[in-house]
Amino acid sequence: MKEKSFGPRQFKGNLQQHKQTILKTVLFLGLIWLFFCSYQSQGSSISKPSSKKFQKFFKKYFNELDKAIVHGDKLMFGTRANAEMENIYADVSETELKELEDFSPEIIKQLKVNHRKIVSFIPKEIHVEGYCGSGYVTIGGGNNDYKSMLLIKQLRETGAKNPIEVIIPPFYEPNLNLCDNIFPSYDATCVFMNGIFGKKNLQKLRYNSKLIGTLAIIASSFENALFISPDTIPLHNPDHLFEGKVISQFGLIVWPSVYRTSITPSYYEISDIQVENNPVRILNDRWVSPEDIHQHLQAKAQRDHENTQLSFHDLKGTSSDYAATSDLLLINKRKNLDVLLLMLYYTNDGPSRYFPLLNAVSSKGNGDYIVAAAHYFKKPYYQLFKTADKIGEEINSLTQVTSITGHYDPNEDYELLKGNLLSLFEQRRELKNDFKYDYFEKIRRPFNVFTSTPLFFHVEETLHPFKMKNSKVYKDNTGNQRRIFGNHIKFYGCDFELKLITSINELLCGAESTDFTFAGFENVDVLCSDYIQPRMEFLQGNSKQFWNKYVFEKRPPNSVPQTSVSTIEKAIKEGFDRDVEYQKDEPARPSILYL
């Protein structure tokens, strides 16, 4: 029998068949993956993404964290007032930061040894099988059940469609009514840390709010996770953040606080990062020339003849201003799980060790443990140029009630940055030697309430109606009700104070109210009749006056011609990349891990 031969035609035909088969297989697997992600996001009480390998790794890692605890006297925070660190002109030199330190040399030495041990345990690449899709992450349990319910309600009222996961820490009993009945109606899911990491494994950790937030992000099933603290409420729909160029290019978005960064020189010594006495930026301006830096230092010396030292966080090797907040974080976990693992180390030994090292001025909401971990692993991150705003209402000439902190839209911030840098580059090119650099004019001032949209308000105590009722800050000196968020909040596009009290009324006083007695809410009927409903009626009656007080038109960003977009975006990336072009002594690490 003659053997069958394959000529060019038969080979081509077979190749085409193979291509079609491969394409069908890829499409089939893609559909299965989409179904898997969709199934995972359906609201119910679950434990995910967990596997034996996942729990086994975290059992070992939590043991390492426990062994890395340095016992002894607590490191002390510095004494410099927070208000001074809010001052945009208050550049802090290495000498001044060292004066804020009160750290034992023996403890610093041990921390340096332990930092290397922890880093050597963290693989360069980590792939977790259960991570997929994009969604919101917050924390539930105890008092946070009420706050997370309010957050979920506000998210859905903005039109947000992405799924939500409420992570329950191990020391809270779950509210099964919320988890099984109420949350699912909002496409929200309870996820239990005990089921993710293992109950016994979690007993090794030292809990604080920042550690819990980091664990929550890791425990969530989303690849792109937007963490929102339970004290933070959205004003507008944030769904677009998951699809924007910022998260796709950087993989990590950090929101700034109102403070200058105050990471201490001792931290850089512990982490073996080499800081050079060479300024490479001015605050968060990464596109300066040596002449710009010279002009900036001259201007600073003219304002303050005693302040002639270089700002420490303008030096090569340091992370840039401003201090980050811990209330918001958007992260691609596929790219940055190593960052999250280092964040666990910094927060587990946080209150006694790393919080003073990373925050010399003792600001409660400081999130520079996020920045430090990303900077250590040389992961560029996008931090908004529009810093947070404190928003409040004056009671009298001496007292300012700061009720909320506004945080802005990173996608819009990125577009503002592009237009601003294009204008800056054009001025440099046209004026040449006559160009005068001014950080506040060129970088700081273009990002303001007239050009930037707030997406979130961090509201803290104002979420809890019992505390508000008892504090009576909602009344003026004559006993009459007043607005506490400030009339200028109209700049932000909605009567947020009325919106918030309306949601609180629906949760606690309406026909479909939820029982939160387990979270410290007793005598809710009295609270509704004596505070919530009268407060809502006052704000409703005051709303017309509120809206008519200001005429406000938002200013569009400087337009960037399509022919210049790629050039400007490349310059932005290069600027952020320069932040991590420094020298360090990093221990050997495992290359890759599949969980």
Side-chain angles (χ1 to χ4, degrees), residues 84-98 256 259-265 267-268 273-324 360 368 371 375 378 380-387 413 416-447 567-568 570-584:
E84 190 174 346
M85 293 303 292
E86 289 179 53
N87 182 359
I88 195 73
Y89 294 97
D91 288 339
V92 183
S93 68
E94 181 175 7
T95 301
E96 289 171 310
L97 278 171
K98 284 183 175 178
Y259 299 107
R260 298 286 297 272
T261 189
S262 58
I263 298 174
T264 62
Y267 165 74
Y268 293 98
I273 292 175
Q274 181 180 327
V275 177
E276 300 178 22
N277 194 38
N278 171 30
V280 291
R281 59 181 168 264
I282 298 172
L283 283 87
N284 55 352
D285 184 357
R286 300 155 171 88
W287 300 274
V288 291
S289 68
E291 178 58 28
D292 294 338
I293 294 172
H294 177 69
Q295 289 183 18
H296 176 74
L297 292 174
Q298 279 188 323
K300 186 170 75 168
Q302 289 174 358
R303 288 194 306 268
D304 183 356
H305 295 293
E306 296 180 1
N307 188 10
T308 58
Q309 297 188 70
L310 297 172
S311 177
F312 181 64
H313 283 94
D314 288 350
L315 302 181
K316 185 173 184 178
T318 63
S319 59
S320 71
D321 273 298
Y322 291 77
D368 271 347
V371 167
H375 187 69
K378 297 193 173 187
Y381 56 90
Y382 187 85
Q383 186 180 62
L384 279 74
F385 284 73
K386 176 68 187 85
T387 53
D413 194 87
L416 283 168
L417 178 62
K418 288 199 295 187
N420 196 38
L421 284 184
L422 177 64
S423 175
L424 181 64
F425 295 163
E426 287 175 344
Q427 288 179 43
R428 272 207 189 99
R429 186 171 59 251
E430 291 169 4
L431 297 176
K432 297 180 181 176
N433 293 336
D434 293 328
F435 176 78
K436 302 299 182 186
Y437 180 82
D438 183 335
Y439 168 81
F440 305 99
E441 177 191 343
K442 308 297 184 185
I443 298 294
R444 174 77 179 180
R445 293 191 188 114
F447 297 86
T567 302
I568 292 297
K570 181 182 178 183
I572 290 174
K573 185 178 185 304
E574 288 172 347
F576 280 95
D577 286 346
R578 280 193 292 272
D579 274 355
V580 294
E581 291 174 356
Y582 63 82
Q583 300 298 315
K584 68 172 176 177

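Between F447 and L417, the closest side-chain pair of non-hydrogen atoms falls below 4.5 Å. At a threshold of 4.5 Å between non-hydrogen side-chain atoms, the residues D368 and Y267 do not count as touching.
Q383 and F576 make their closest contact through N-CE2, 4.3 Å (heavy atoms, listed as atom of the first residue, atom of the second, distance). Nearest heavy-atom pair across S311 and R260 is OG-NH2, 3.7 Å. Between T261 and S320, the shortest heavy-atom distance links the atoms CG2-O, 4.1 Å.
Between the side chain of D413 and the backbone N or O of F385, at least one donor-acceptor pair lies under 3.5 Å. Proximity of a side-chain donor or acceptor of W287 to a complementary backbone N or O of L421 within less than 3.5 Å is not detected. Not a single donor-acceptor pair under 3.5 Å links the side chain of D321 to the backbone N or O of N284. A distance-only check finds no donor-acceptor pair linking the side chain of R444 to the backbone of K442 [under 3.5 Å]. At least one donor-acceptor pair closer than 3.5 Å links the side chain of H375 to the backbone N or O of G317.
Atom CD1 of I273 sits about 4.0 Å away from atom OH of Y582, to the nearest 0.5 Å. The line from CD1 of I443 to CZ of R286 is 10.0 Å long, rounded to the nearest 0.5 Å. We find the CG-CD distance between L422 and Q427 to be 10.0 Å, quoted to the nearest 0.5 Å. The CD atom of E96 sits 12.5 Å away from atom OG of S262, with the distance rounded to the nearest 0.5 Å. The structure places CD of Q295 at 4.5 Å from CD of E291, a figure rounded to the nearest 0.5 Å. With rounding to the nearest 0.5 Å, the separation of CG in L310 from CD in E94 is 10.0 Å.
Among residues two or more places apart in sequence or in another chain, the ring-ring contact (aromatic ring centres under 6.0 Å, His included) test is passed with Y381 by none. Applying the ring-ring contact (aromatic ring centres under 6.0 Å, His included) test to Y437 and every residue at least two apart in sequence or in another chain returns nothing.
Comment: R428 engages D292 in a salt bridge, judged by a side-chain N to carboxylate O separation of less than 4.0 angstrom. In summary, R281 and D579 engage in a salt bridge, as defined by a charged side-chain N under 4.0 Å from a carboxylate O.
Of the candidates I282, D285, V288, D438, H296 forms a side-chain contact (heavy atoms from CB on, under 4.5 Å) with just one, namely I282.
For K584, the NZ atom is densely surrounded, since the number of other residues' heavy atoms within 6.0 Å is greater than 12. Other residues, nucleotides and ligands contribute only 12 or fewer heavy atoms inside 6.0 Å of the CD atom of Q583. For K573, the NZ atom is loosely surrounded, since the number of other residues' heavy atoms within 6.0 Å does not exceed 12.
Here the two rings, on Y268 and F312, have centers that are under 6.0 Å apart.
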